[in-house]
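Below, all heavy atoms of this structure are taken into account, side chains as well, without hydrogens, waters or symmetry copies. We count ligands from 1, going down the list as the structure has it; atoms in each ligand are counted the same way.
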Amino acid sequence: MKNIIIAIDGPAGAGKSTIAKIIAGKLGIEYIDSGAMYRAITLKLYQLRCDLNDEVSINQILEDTRIDFIKNSIFLDGKNVDEEIRTPMINENVSLVASLKIVRQKLVAIQQNIGKNKSIIMDGRDIGTYVFPHAHYKFFLTASVEERAYRRWKEMHEKGFQVNIKDIKEDIMKRDDMDTHREINPLYKASDAIEIDTTGKTMEVV
Ligand code: DC
């Protein structure tokens with residue numbers, strides 16, 4: 001089968017990107033982190049101090065923005081922003097930016113275009129439900145909020161951020177709430193997705 005699409009959805013910290021990278025490596029296909037795209041746009045809008053109610057400016061900024069994935073790294077207008085998009089500031093604001101209709105329209109179009117002529121594994125919130133409703137394989141990863149907060153805390157701690165687990169848990173719960181209750185393309189499990197609860201499981205088991 002050529003041009004295989006594998007969709008992995010689920011809330012923050014469920015283990016989507018870790019698993020997606022491993023599968024991409026094993027199958028020799030490209031991994032696309034759609035959350036990184038929403039993070040990159042958030043970074044740009046905040047750097048430009050754009051008013052999130054100003055649709056005209058946001059539209060112009062989106063028109064002038066290039067996002068590329070090269071070897072699992074994300075480039076915003078030609079610059080590698082892997083580190084810059086994973087700060088507490090972006091964590092706090094990304095769900096709000098991701099709830100904007102024009103932002104979603106632009107990013108979904110890019111995502112669908114990437115999967116047009118090649119096999120990919122893409123993770124996010126609406127990949128199996130909206131971006132690729134006819135994906136060949138769909139998975140929905142979950143984990144308890146405590147475990148997801150711990151995983152994010154460990155990740156941030158290892159990067160040198162002074163963060164406390166209680167704040168991270170609150171941030172994750174807030175993002176879960178916004179991601180599942182937003183009007184456009186909210187997070188939910190596609191009826192034909194295989195659900196995997198990763199709580200207490202190693203990557204190998206998952
Ligand atoms: O996967 P992540 O935590 O890096 O995603 C960051 C945010 O982007 C997440 O809180 C919601 C949003 N997002 C989205 O709305 N749709 C996607 N397909 C992927 C991410």
### Summary
Apart from Y150 itself, its cluster of hydrophobic side chains linked below 4.5 Å comprises V145, W153, M156, F161, V163, I165, I168, I172, M173
### Query
What pairs of residues pass the side-chain hydrogen bond (donor to acceptor under 3.5 Å, both in side chains) test when at least one of them lies in residues 64-74, not counting sequence neighbours?
K44-T65, Q60-D64, R66-D68, S73-D82
Check ligand 1 for N or O atoms under 3.5 Å from a protein N or O and list each pair with its distance.
{"residue": "ligand 1", "atom": "1 (O)", "partner": "R125", "partner atom": "NH1", "Å": "3.0"}
{"residue": "ligand 1", "atom": "3 (O)", "partner": "R39", "partner atom": "NH2", "Å": "3.4"}
{"residue": "ligand 1", "atom": "3 (O)", "partner": "R125", "partner atom": "NH2", "Å": "3.1"}
{"residue": "ligand 1", "atom": "3 (O)", "partner": "R175", "partner atom": "NH1", "Å": "3.0"}
{"residue": "ligand 1", "atom": "4 (O)", "partner": "R39", "partner atom": "NE", "Å": "2.7"}
{"residue": "ligand 1", "atom": "4 (O)", "partner": "R39", "partner atom": "NH2", "Å": "3.4"}
{"residue": "ligand 1", "atom": "10 (O)", "partner": "S95", "partner atom": "OG", "Å": "3.0"}
{"residue": "ligand 1", "atom": "10 (O)", "partner": "R175", "partner atom": "NH1", "Å": "2.9"}
{"residue": "ligand 1", "atom": "10 (O)", "partner": "D179", "partner atom": "OD2", "Å": "2.9"}
{"residue": "ligand 1", "atom": "15 (O)", "partner": "R104", "partner atom": "NH1", "Å": "2.8"}
{"residue": "ligand 1", "atom": "15 (O)", "partner": "R104", "partner atom": "NH2", "Å": "3.4"}
{"residue": "ligand 1", "atom": "15 (O)", "partner": "R182", "partner atom": "NH1", "Å": "2.8"}
{"residue": "ligand 1", "atom": "15 (O)", "partner": "R182", "partner atom": "NH2", "Å": "3.0"}
{"residue": "ligand 1", "atom": "16 (N)", "partner": "R104", "partner atom": "NH2", "Å": "3.0"}
{"residue": "ligand 1", "atom": "18 (N)", "partner": "S34", "partner atom": "OG", "Å": "3.0"}
{"residue": "ligand 1", "atom": "18 (N)", "partner": "R125", "partner atom": "N", "Å": "3.1"}
{"residue": "ligand 1", "atom": "18 (N)", "partner": "D126", "partner atom": "OD1", "Å": "2.8"}

### Summary
side-chain contact (heavy atoms from CB on, under 4.5 Å) with F140: of I194, D197, L187, I8, only one passes, and it is L187
### Task
Using the side-chain contact (heavy atoms from CB on, under 4.5 Å) rule, pick out the option among T198, T142, D176 that qualifies with R148.
D176
### Query
Of all residues at least two apart in sequence or in a different chain, which pass the side chain to side chain contact (heavy atoms under 4.5 Å, CB included) check with R182?
A98, S99, R104, R125, D179, P186
### E83 bridged to K159 by N-O distance under 4.0 Å
no
